[in-house]
Amino acid sequence: MVGLLYDVHGNLPALEAVLADARETGVGRWIVGGDVVLFGAWPAETVARLRELESAAWLRGNTDRWLVDDSDWPDGAGWAAEDCLAALDDAVVDQLANLPFDIREGERLYVHASPVSDMRSFFPEPSDDEDELLDSIPAEVDLCVFGHTHLPFARQGRDELLVNPGSVGMPLDGDPRAAWAVIDDDGRVEHRRVAYDHERSAAALGERFGDKEWTKALAERVRNARFS
């Protein structure tokens, strides 16, 4: 069984809740699907905890790239990146920024957002640019797993199943519970949700990094599980 951990975003309590839930499932290996540390109160601690997982394959998300690349930072991301960088040592930053873009395992493809980029992704309902995104999936792939939008869902693309496990650390579907997913041995995908003290994680942002615009905005996302 494969556990899918996407978009942890430095939220250690959410990650611990998911890993506790995983002990009941028999997960034997993991995909860490990018956006590991940025925008959370526990960046170094989150990396350390994920490193304890056996048989884990990591890939790079856009916010991992943003630790060293400011070319497409949105408003406010620069301040958050600077605070996150100050909490990490150079070796960790280098590791995260140089993770692979994707992971291919036979007929399964794991990416952060889509095979096209780490920013453009699939949504629960097809979008206008979906044909281009689907064209980028190799013909041999029958399961494409991605995150980025923090919206858990599974639906058919063309010949492949599209799966977003949702966000461990910052869900954006109105449900603040940590989201993750399992691929069973028979290929069946199970989405799971785990309650944790999300109010603590929201408050910890200001406690760790100060009362700033970015910490206040991200705290509201954690509390409300909404983008704005």
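- Considering every non-hydrogen atom in both Pro165 and Phe146, the closest pair reads CD-O, 3.1 Å.
- Side chain of Asp184 to backbone of Gly187: no donor-acceptor contact under 3.5 angstrom is found.
- Separation of the Phe209 and Trp214 ring centroids falls under the 6.0 Å cut-off.
- No side-chain donor-acceptor contact under 3.5 Å links Asp94 to the backbone of Asp90.
- Looking at heavy atoms from C-beta onward, Val163 lies in side-chain contact with Leu143 at the 4.5 angstrom threshold.
- Partners of Arg65 under the side-chain hydrogen bond (donor to acceptor under 3.5 Å, both in side chains) rule, at least two apart in sequence or in another chain, are Asp69, Asp72, Asp118.
- Judged by distance alone, the side chain of Asp185 and the main-chain N or O of Met1 form a donor-acceptor pair under 3.5 Å.
- The backbone N or O of Asp175 sits less than 3.5 Å from a side-chain atom of Asp173, completing a donor-acceptor pair.
- Here the side chains of Val2 and Val182 are not in contact, with every heavy-atom distance at 4.5 Å or above.
- Residues Asp35 and His148 bring no donor and acceptor atom of their side chains to less than 3.5 Å of each other.
- Side-chain atoms of Arg51 and Gln95 form a donor-acceptor pair, as typed in the model, at a separation below 3.5 Å.
- Contact check for Leu15 versus Leu50: side-chain heavy atoms found under the 4.5 Å cut-off.
- At distances below 3.5 Å, not a single donor-acceptor pair connects side-chain atoms of Arg177 with backbone N or O atoms of Ala195.
- Below 30°, between 30° and 60°, or above 60°: for Tyr6 and His112 the angle between ring planes is below 30°, a parallel geometry.
- Under the side-chain contact (heavy atoms from CB on, under 4.5 Å) criterion, Asp129 pairs with Arg120, Ser127, Leu133, not counting sequence neighbours.
- Leu161 and Phe122 are assigned to two separate hydrophobic clusters, defined by single-linkage of ILVMFWY side chains at heavy-atom distances under 4.5 Å.
- Annotation for Ala41 and Arg208: closest pair O-NH1, 2.6 Å, computed over non-hydrogen atoms.
- Of all heavy-atom pairs between Ala178 and Val18, the closest is CB-CG2, 3.6 Å.
- The two residues Ser121 and Gly147 have their closest heavy-atom pair at OG-O, 3.4 Å.
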Please table the atom pairs, donor to acceptor, closer than 3.5 Å between any side-chain atom in residues 150-157 and protein atoms at least two apart or in another chain.
from   : atom 1 : to     : atom 2 : distance (Å)
His150 : ND1    : Met170 : O      : 2.6
His150 : NE2    : Asp7   : OD1    : 3.2
His150 : NE2    : His9   : NE2    : 3.2
Arg155 : NE     : Phe123 : O      : 3.1
Arg155 : NE     : Pro124 : O      : 3.0
Arg155 : NH1    : Glu130 : OE2    : 3.0
Arg155 : NH2    : Phe123 : O      : 3.0
Arg155 : NH2    : Glu130 : OE1    : 2.6
Arg155 : NH2    : Glu130 : OE2    : 3.3
Gln156 : NE2    : Arg158 : O      : 3.4
Gln156 : NE2    : Glu160 : O      : 3.1

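- With a 4.5 Å cut-off on side-chain heavy atoms, Leu59 and Phe101 do not count as touching.
- A donor-acceptor pair shorter than 3.5 Å can be found between the side chains of Asn164 and Thr149.
- With salt bridges taken as basic N to acidic carboxylate O contacts below 4.0 Å, none links Glu105 and Arg108.
- The heavy-atom pair separating Gly40 from Leu205 by the smallest distance is C-CD2, 3.8 Å.
- Side chains of Trp30 and Ser55 form no contact here, defined as non-hydrogen atoms less than 4.5 Å apart.
- At least one donor-acceptor pair closer than 3.5 Å links the side chain of Asp64 to the backbone N or O of Gly61.
- Looking at Asp21 and Trp180, their side chains come closer than 4.5 Å, going by heavy atoms from C-beta outward.
- We find that Asp83 and Lys212 are joined by a salt bridge, their nearest charged nitrogen and carboxylate oxygen being less than 4.0 Å apart.
- In this structure, the side chain of Ser201 does not engage the main chain of His198 through any donor-acceptor pair within 3.5 Å.
- Within the 4.5 Å cutoff, the side chain of Pro176 has no heavy atoms near those of the Arg223 side chain.
- Side-chain atoms of Asp70 do not come within 3.5 Å of backbone N or O of Trp73 as any donor-acceptor pair.
- A pairwise comparison of heavy atoms in Val168 and Ala14 identifies O-CB, 3.4 Å as the closest pair.
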Self-check item: Worked verdict on Arg226 versus Arg221 for side chain to side chain contact (heavy atoms under 4.5 Å, CB included)
Solution: CA-CA 5 Å; Arg226 296 292 186 191; Arg221 289 186 194 176; over 6 Å; no
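- Residues Trp42 and Val194 fall within the same hydrophobic cluster, defined by Ile, Leu, Val, Met, Phe, Trp and Tyr side chains chained together at heavy-atom separations under 4.5 Å.
- Not a single donor-acceptor pair under 3.5 Å links the side chain of Arg29 to the backbone N or O of Ala56.
- Taking the side chain as every heavy atom from C-beta outward, Leu53 and Leu5 approach each other to under 4.5 Å.
- Both Ile103 and Val145 sit in one connected hydrophobic cluster of ILVMFWY residues. Membership requires side-chain heavy atoms under 4.5 Å apart, directly or through other members.
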